[in-house]
K.L.:
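Submitted below is the structure of interest, expressed as structure tokens.
Just so we're clear, the structure is a prediction, and the values are computed from it rather than from any experiment. Hydrogens, waters and symmetry mates play no part in the numbers below; they use all other heavy atoms, side chains included.
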Amino acid sequence: MSEFWLISVPGDNANLTALDRMNTVTSKANLSSNAKFVIPDLKVGTLDALIGLSDELGKLDVYAEGLMKKIAQYIGEVMDDSTDKAQENLLANGVDLISYISRFEWDMAKYPVKQPLKNLTESLSKQMSQIDTDLKSRTLTYNNIKGNLQSLERKTVGNLLTRTLADIVNKEDFVLNSEYLITLLVVVPKTSYTAWQKTYESLSDMVVPRSTKMIAEDGESGLFTVTLFRKVIEEFKSKARENKFIVREFYFNEKELQSEKDEIVKLAADKKQQYGPLLRWLKVNFSEAFIALIHIKALRVFVESVLRYGLPVNFQAVVLHPNKKSMKRLRDVLNAIFRHLDEAAAANMKDVGMDIPGLQLSNQDYYPYVCFKIDLTNLDF
């Protein structure tokens, strides 16, 4: 993905002519793809209210953009095994994001233009806040299930010293329900198999002869059973350690082993059950968040255009999709064509942030024309 520049200039004949010149130059030089960005007639209110609203919209813009990206990133996490398909789920009103921005139409039903700008801003803010709250709740539930499942699944990988033995051992491998005897599991390095067979019976008294058997093997070690009297467990462990044979702290409990297996099956089923509804919710609310974000950008353009160019409301908004390799040149072209809108600022233009109260936020670059970026660069997986 890339970024878009949403700009506006006054709607008088001279500036519309300059806009046509910009379209011609940028098209011939392949600097950007441009389209009209139609913003309906909105209720202006007082200039004092607009100045305050400019600041509110700036903060809401940052919040909405962050939320939109958070939902997109979570779609990528949920669909971690198919990132190409994850990208395909980033749609707005059923179309790809570039098409939605290029053919933007104000949603009159959701954001009635007869409402004051303050009300529209509050409505968008509440919408973003509700989506954010729901996202936290839904992701918490899914993450808990996913985390617990991954924790159990991690135990089934790794070497014989650390991994779970629940899926390896069988009841028949153990002496069970004996008051005197117990079966231990010992991890023996592959290079020490012969040494184990020769020495295990003499590591302590009361080891049952010929009681060892290898029941599992990985790339480094083998897992052997050995049966001995309970009273010599600690002595056997100590001697085994001296010979680099590691006794696993494992005692066969059929109910616990079955419970562990059942828990993995249950969590896998819960994750599968949650996956579909969660992904549908994420897709729907990504679209909602993205559409709301573009309406917020439109409101910002409207407010800043009125503050910059004055009343009556008369401006033309255009959305530019810059060629990635030509962004600096495109910016130079725009600054040259529209420098007459603010000669003083254009003369000192260094493409740095300027604090212009009531016009732009201090972290927003200042240009002779109104300009806001729509950044889609972080939506690539």
K.L.:
Has the side chain of Tyr193 got a donor or acceptor atom that lies under 3.5 Å from a matching backbone atom of Gly222?
P.N.:
yes
K.L.:
Ignoring hydrogens and geometry beyond distance, is a side-chain donor-acceptor pair present between Asn15 and Asp12 at under 3.5 Å?
P.N.:
yes
K.L.:
Name the orientation class of the two ring planes belonging to Trp196 and Phe224 (parallel below 30°, tilted from 30 to 60°, perpendicular beyond 60°).
P.N.:
tilted
K.L.:
Just by distance, do the side chain of Ser326 and the backbone of Arg329 share a donor-acceptor pair under 3.5 Å?
P.N.:
no
K.L.:
Check whether Val265 and Leu152 end up in the same hydrophobic cluster, where Ile, Leu, Val, Met, Phe, Trp and Tyr are linked by side-chain heavy atoms less than 4.5 Å apart.
P.N.:
no
K.L.:
Below 3.5 Å, can you tabulate the donor-acceptor pairs from side chains in residues 233-247 to any protein atom, sequence neighbours excluded?
P.N.:
from: Lys237; atom 1: NZ; to: Glu249; atom 2: OE1; distance (Å): 3.3
from: Lys237; atom 1: NZ; to: Glu249; atom 2: OE2; distance (Å): 2.8
from: Asn243; atom 1: ND2; to: Lys239; atom 2: O; distance (Å): 2.8

K.L.:
Do Leu124 and Leu57 touch side chain to side chain, with heavy atoms closer than 4.5 Å?
P.N.:
no
K.L.:
Determine whether a donor-acceptor pair (N or O, by modelled atom type, separation under 3.5 Å) exists between the side chain of Asp218 and the backbone of Glu220.
P.N.:
yes
K.L.:
How long is the straight-line distance from CG of Asn93 back to CD1 of Ile294, given to the nearest 0.5 Å?
P.N.:
12.0 Å
K.L.:
With a 4.5 Å heavy-atom cut-off, do Val313 and Val44 have their side chains touching?
P.N.:
yes
K.L.:
Can you tell me how far OH of Tyr367 sits from CZ of Phe372, rounded to the nearest 0.5 angstrom?
P.N.:
11.5 Å
K.L.:
Do any N or O atoms from the side chain of Ser202 and from the backbone of Thr199 form a donor-acceptor pair under 3.5 angstrom?
P.N.:
yes
K.L.:
Is there a side-chain contact between Ile337 and Tyr369 in this structure, where contact means two heavy atoms from C-beta onward sitting under 4.5 Å apart?
P.N.:
no
K.L.:
Give every donor-acceptor pair under 3.5 Å between a side-chain atom in residues 267-274 and any protein atom, sequence neighbours left out.
P.N.:
from: Asp270; atom 1: OD2; to: Lys266; atom 2: NZ; distance (Å): 2.9

K.L.:
Lys118 side chain to Leu53 main-chain N or O, any donor-acceptor pair under 3.5 Å?
P.N.:
no
K.L.:
Is there side-chain contact between Asp173 and Lys213, with heavy atoms separated by less than 4.5 Å?
P.N.:
yes
K.L.:
Does one side chain, of Asp342 or Tyr366, offer a donor that lies under 3.5 Å from an acceptor on the other?
P.N.:
yes
K.L.:
Please verify the inter-ring angle class for Trp106 with Tyr111; under 30° counts as parallel, over 60° as perpendicular, anything in between as tilted.
P.N.:
perpendicular
K.L.:
Tell me whether Ser32 contacts the main-chain N or O of Thr26 through its side chain, where contact means a donor paired with an acceptor under 3.5 Å.
P.N.:
no
K.L.:
Whether the side chain of Thr162 engages the backbone of Gly158 through a donor-acceptor N/O pair (distance < 3.5 Å, no angle test) should be reported.
P.N.:
no
K.L.:
How long is the span from the CD atom in Gln316 to the OG atom in Ser305, to the nearest 0.5 Å?
P.N.:
10.0 Å
K.L.:
Can a donor-acceptor pair be found between the side chains of His321 and Asn34 at a distance below 3.5 Å?
P.N.:
no
K.L.:
Under a single-linkage definition using a 4.5 Å side-chain heavy-atom cutoff for Ile, Leu, Val, Met, Phe, Trp and Tyr, are Leu185 and Leu181 assigned to the same hydrophobic cluster?
P.N.:
no
K.L.:
Before giving the answer on salt bridge (charged side-chain N to carboxylate O under 4.0 Å, His left out), spell out for Lys69 and Glu65 the whole-Å C-alpha distance, their side-chain angles and the decisive distance to 0.1 Å.
P.N.:
CA-CA 6 Å; Lys69 289 177 179 176; Glu65 190 169 291; 3.4 Å; yes
K.L.:
For the ring-ring contact (aromatic ring centres under 6.0 Å, His included) test, which of Tyr100, Phe104, Phe4 pairs with Phe37?
P.N.:
Phe104
